[in-house]
Amino acid sequence: MNYTKDEVMEYVREEDVKFIRLAFCDLFGRQKNISIMPGELERAFDGGIPFYPSAVCGFEGESSLTLRPDPATLSVLPWRPEHGRVVRMYSAVTVPDGTPDGTPHPADTRSLLKKAASDAEKTGVCFLFGLQQTFYLFRTDEDGRTTGIPYDRAGYMDIAPEDRGENIRREVCLTLEQMGIRPESSCHEEGPGQNKIDFHFSDALSAADNAMTFQTVVRTVAHRNGLAADFSPKPLDDAPGNGCHINYSVTPAGRGGIFPDNALFAVTSGILSRLDAMTAFLNPTEGSYKRLAGRSGGWSGKDRSRLVWIPEGQNRAEVRSPDPGANPYLALTLLIRAGLEGIGSGAALPPEGELTGGRRLPADLLSARSLARDSGFIRDCLPAVVRKAYGAD
């Protein structure tokens, strides 16, 4: 929506808004928030709202930090009452150091992505992303806890009545539209009770914000319908895992800088050269490696089972190894940094089907953390507090 501060203040006054949620996430992408009343909104914009972060992963040891809302991210929460509305804005986590805007805390991953996207634009490159996250719908027991029993037994792109998730996906899509997010398509996926909703390409920060919002909306809609949504990478041992396929493209950003004719290939070459070191952040749980087991390496223009797919005749590519457990701000930060490295080096794509230099993805979380610890690229891209939380420091 790209609201300004003044437009947000006016909206809150005129639209009967009673609560404003200032949202952020911890280092592992788990969303957090504080609700404030309208009378505190101007203070939030001018100086930030303090909170005590000692129990939030990545911010331990800090006595007080502040949340500074981004007015461009204002969105109504449609599932809350229409009278006495609730709105949400994503916020920067800042150190209250007396500067006008505060200094972003090193563990504020949204600020890390904002900086990476800004650095890319300064070199003449704009990254666009579209994330595809799959999820399972499970039945719940009388206490509302998941039973692990799939909501249906439908397969890929099946229709009702076999596909029982159709109405859930419809409600999710309509809710997202009310929040200013445009879904592109939706369908039943391969697994029983497994679903997918795709999004249009957008700038890096919006794409990561939308990924966070998407998970919240799916879980909320599922709960309202007596179901549990599961985004874990391998909910069922004998069924396909949940992925977070990240589509990307690159376009020139303004004037100046260098934008090579083969920019997409150069970016992809950079990503392939660093994908092994990034895996601890793209696949951060033990279950991630149950899903990745046996995954074919390298890239392909035809075989979508590869780690990176470059569709023939299209100016985009898709990284297929990440899963929904990844913090989207960290994931896109690393992809941008690796892509810029690829453009800077002018490296050509490795042979189809291979990672750069014969590398392989790690087979387990321990190996992934070891590769990240040994990577100068990771040390250059991420602050020590982030690396430490992921066992990569």
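Values below: all heavy atoms of this structure, side chains included; hydrogens, waters and symmetry mates excluded.
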| message | Between R337 and D119, does any side-chain N to carboxylate O distance fall below 4.0 Å? | response | yes

| request: Describe, in one word, how the ring planes of F24 and F51 are oriented to each other, choosing from parallel (under 30°), tilted (30 to 60°) and perpendicular (over 60°). | output: tilted

| message | With a 4.0 Å cut-off on N to O distance, would you call E162 and R153 a salt bridge? | response | no

| request: Go through the steps to decide whether T73 and Y3 satisfy the test side chain to side chain donor-acceptor pair (under 3.5 Å), and finish with yes or no. | output: CA-CA 7 Å; T73 65; Y3 289 97; over 6 Å; no

| task | Taking only Lys NZ, Arg NE, NH1 and NH2, and the carboxylate oxygens of Asp or Glu, determine whether E40 and R43 approach each other closer than 4.0 Å. | result | yes

| message | Determine whether a donor-acceptor pair (N or O, by modelled atom type, separation under 3.5 Å) exists between the side chain of T285 and the backbone of S288. | response | yes

| Short N-O contact, R110 and D108, less than 4.0 angstrom | no

| field | Within 45° cone of W299 ring axis and under 6.0 Å: R306 NZ or CZ | value | no

| task | Could you please spell out the steps behind the salt bridge (charged side-chain N to carboxylate O under 4.0 Å, His left out) verdict for R85 and E15? | result | CA-CA 8 Å; R85 286 180 169 177; E15 298 296 330; 3.3 Å; yes

| message | Salt bridge or not between R182 and E177? Use side-chain N to carboxylate O under 4.0 Å. | response | no

| said: Side chains of P71 and F45, heavy atoms from C-beta outward: is any pair under 4.5 Å? | reply: yes

| said: One thing to verify: whether R369 and D374 come together as a salt bridge, which I'm taking to mean a side-chain N less than 4.0 angstrom from a carboxylate O. | reply: no

| query | Using 4.0 Å as the upper bound for N to carboxylate O, is an ion pair formed by R274 and D276? | reply | no

| request: Taking all heavy atoms of A116 and all of I336, pick out the closest pair and write down the distance. | output: O-CG2, 3.7 Å

| query | What pair of heavy atoms forms the shortest contact from N33 to A23, and how long is it? | reply | CB-CA, 3.9 Å

| message | With side-chain hydrogen bond (donor to acceptor under 3.5 Å, both in side chains) as the test, pick out the partner of N242 among E189, R291, Q194. | response | Q194

| Charged N to carboxylate O below 4.0 Å: is that the case for R379 and D393? | no

